[in-house]
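Along the sequence shown, the residues carry numbers beginning at 1. These numbers come from the heavy atoms of this one structure, side chains and all, not from hydrogens, waters or symmetry mates. First listed ligand is number 1; within each ligand, the first listed atom is number 1.
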Amino acid sequence: MNILLLGSGGREHALAWKLAQSKQCDQLFIAPGNAGTSQYGTNVNVSITDFGAIKQLVLDKGISLLVVGPEEPLVKGVTDFFKKDEQLQQVTVIGPSQYGAQLEGSKAFAKKFMIRHGIPTAAYREFDETNYEEGIPYLQQHALPIVLKADGLAAGKGVLICQSHIEAVAEYELMLQHSKFGDASKKVVIEEFLNGIELSVFVLTNGKEYVILPEAKDYKRIGMGDTGLNTGGMGAVSPVPFADATFMKKVEERVIQPTVRGLEKENIDYTGFIFFGLIKVGDEPYVIEYNCRMGDPETEVVMPRLKTDLVELFMAAGNGTLGNIKIEQDKRYACTVMAVSGGYPGNYEKGFVIEGLNKPLPADSLVFHAGTAEKDGNVVTSGGRVLAVTSYGNTVSSAVVKSKEVLNQLSFDGMYYRQDIGFEFE
Ligand code: AMP
Ligand code: GLY
């Protein structure tokens with residue numbers, strides 16, 4: 001079958017790599033893709049939110065499976081667009097309806113869903129212009145630190161952890177009265193701070209059945225030892241050493257099952273990934289957030305560990321046979337280290353030539369492109385996060401060492417990567 005994948009990051013390169021391995025994949029198209037995805041299919045210069053152009057592409061290329069990488073088209077309703085259009089109804093879409101995508105697109109929606117279904121999460125209240133005044137005394141008596149979240153999508157920047165009441169009230173005012181995050185902060189969730197260790201758990205579901213994919217832990221801060229500014233993700237490891245069978249059983253029973261049953265009970269049209277951003281407090285899992293897509297850079301370790309055919313999984317999700325499938329995982333660790341542009345996550349320049357991509361790779365390493373583009377026969381940088389190098393190993397540190405060896409062979413002006421991915425597992 002012919003497949004269209006939407007997106008252009010490291011996640012999409014890893015998905016393209018995996019999709020292209022399936023016997024069921026005839027032609028793969030990626031819109032818009034990057035310099036890496038073109039190794040596995042044809043990049044097409046169509047925007048991920050131009051639904052009319054996506055439709056034309058699907059009809060022209062005889063696409064029967066659409067895989068949506070990022071959240072934006074889902075939150076804007078690409079799945080509903082396909083379901084409503086007679087010419088597109090036969091296409092299997094991996095990605096939830098606009099209503100279901102609110103699990104990621106609205107923090108307040110997600111919190112209410114969790115409360116309705118008894119899913120463990122931090123205590124919270126929501127505020128908007130109608131109860132703005134009430135929020136101030138609420139903040140002033142709240143235990144520190146206080147977590148403030150813009151309700152809507154804010155490019156990963158909408159969560160603030162405030163260490164003082166003065167700071168919390170000031171940020172609250174900026175969000176609600178001065179549109180700090182635009183429309184995304186018209187509503188604000190104020191939440192109890194949970195102290196624990198984070199991990200990401202992924203399922204593929206059709207809103208009734210689900211399969212659990214390998215879990216992962218990502219490293220969000222720019223600096224060594226998890227310090228400095230937040231980024232899109234500087235590296236990831238899978239499996240997660242502290243997510244043992246007992247803990248994962250709790251995750252399945254207390255988080256995954258009530259979430260999927262909640263989707264079913266509420267008749268929410270949801271075929272796609274659920275990314276559970278979890279925190280382990282003591283031995284208990286709590287949900288920090290839901291995302292309606294795979295994580296990046298987590299996908300760059302999850303796909304390499306998934307042995308099951310991905311197209312088969314997607315078709316089973318689409319035709320209601322996901323319950324018959326048993327996921328097979330590579331037992332080894334997969335660790336990815338992300339090379340980023342100098343200055344990221346602040347301002348950075350683009351367009352630097354990446355050297356070393358033609359050198360042979362060790363058998364147990366993979367290079368996934370994130371922000372790259374082709375220009376005059378060269379591969380150049382075109383984003384903050386540029387390359388994700390994944391390696392397999394029998395320990396976290398042996399996998400990370402291999403990825404760093406590959407990164408030593410690669411270079412571009414200003415290239416930076418964290419030396420200490422997986423540091424707490426040595
Ligand atoms: P989010 O955008 O929801 O992923 O939040 C960004 C980051 O903020 C999370 O990955 C956590 O590190 C942190 N965070 C969010 N909510 C909480 C919370 N209730 N307690 C502690 N940390 C949190
Ligand atoms: N790595 C976190 C995310 O994709 O949101």
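Among all protein heavy atoms, the one lying closest to atom 5 (O) of ligand 1 is Val159 CG2, 3.3 Å. Of the protein's non-hydrogen atoms, Ile161 CD1, 3.8 Å is the one closest to atom 13 (C) of ligand 1. Among protein heavy atoms, the minimum distance from atom 23 (C) of ligand 1 is reached at Ile288 CD1, 3.7 Å. In terms of protein heavy atoms, atom 5 (O) of ligand 2 is closest to Arg293 NH2, 2.9 Å. Residue, atom and distance of the protein heavy atom nearest to atom 1 (P) of ligand 1 are Glu289 OE1, 3.3 Å. With hydrogens left out, the protein atom closest to atom 11 (C) of ligand 1 is Glu198 OE2, 3.1 Å, a heavy atom.
Under a 4.0 Å criterion applied to the non-hydrogen atoms of Asp218, ligand 2 contributes the atoms 1 (N), 2 (C). Numbered from 1 in the order shown, with element, the atoms of ligand 2 that lie under 4.0 Å from a heavy atom of Gly295 read 4 (O). Listed by number with element, the atoms of ligand 1 under 4.0 Å from a non-hydrogen atom of Lys107 are 1 (P), 2 (O), 3 (O). Within the listing of ligand 1, atoms 10 (O) sit less than 4.0 angstrom from a heavy atom of Lys220. Shown in contact with Phe193 at under 4.0 Å from a heavy atom are these atoms of ligand 1, numbered in order with element: 20 (N), 21 (C), 22 (N). Against a heavy-atom cut-off of under 4.0 Å, Gly232 is close to the following atoms of ligand 2: 1 (N).
Between Asp226 and Arg418 there is a salt bridge, with a side-chain nitrogen of the basic residue lying less than 4.0 Å from a carboxylate oxygen of the acidic one. The existence of a salt bridge linking Lys149 and Glu289 is excluded, since no basic side-chain nitrogen approaches an acidic carboxylate oxygen closer than 4.0 Å. Between Glu300 and Arg385 there is no salt bridge, since none of the side-chain N atoms of the basic residue sits less than 4.0 Å from a carboxylate O of the acidic one. Taking a cutoff of 4.0 Å between a charged side-chain nitrogen and a carboxylate oxygen, Lys112 and Glu126 qualify as a salt bridge. Electrostatic pairing of Lys250 and Asp283 does not count as a salt bridge here, judged by no charged N lying under 4.0 Å from a carboxylate O. Looking at Glu129 and Lys186, no side-chain N of the basic residue comes within less than 4.0 Å of a carboxylate O on the acidic one, giving no salt bridge.
Compare Glu191, Arg221, Lys149 by their heavy atoms: the one nearest to atom 19 (N) of ligand 1 is in Glu191.
With no hydrogens or angles considered, no side-chain donor-acceptor pair links Ser97 and Asp80 at under 3.5 Å.
Within the 4.0 Å heavy-atom criterion, neither part of Arg11 lies near ligand 2. Contacts with ligand 1 closer than 4.0 Å are made by backbone heavy atoms (N, CA, C, O) of Glu192 only, the side chain lying farther away. Heavy atoms of Glu289 found under 4.0 angstrom from ligand 2: none, in either backbone or side chain. When non-hydrogen atoms are compared, ligand 1 lies under 4.0 Å from the backbone of Leu194 as well as from its side chain.
Among pairs with a residue in residues 262-288, those fulfilling ring-ring contact (aromatic ring centres under 6.0 Å, His included) read Phe202-Phe275, Phe273-Phe314, Phe276-Tyr290, at least two apart in sequence or across chains.
Residue contacts with ligand 2: Glu298 is placed with a nitrogen or oxygen under 3.5 Å of a nitrogen or oxygen of the ligand (distance criterion only). Residue Asp296 has at least one N or O atom closer than 3.5 Å to an N or O atom of ligand 2.
The ring of Tyr138 has its center closer than 6.0 angstrom to the ring center of Phe127.
Between His13 and Tyr40, the ring-plane angle classifies as tilted under the 30° and 60° cut-offs.
More than 12 heavy atoms of other shown residues, nucleotides or ligands fall within 6.0 angstrom of atom CD in Gln21.
A donor-acceptor pair is defined here as one N or O able to donate and one able to accept, closer than 3.5 Å; such a pair exists between the side chain of Arg305 and the backbone of Asp330.
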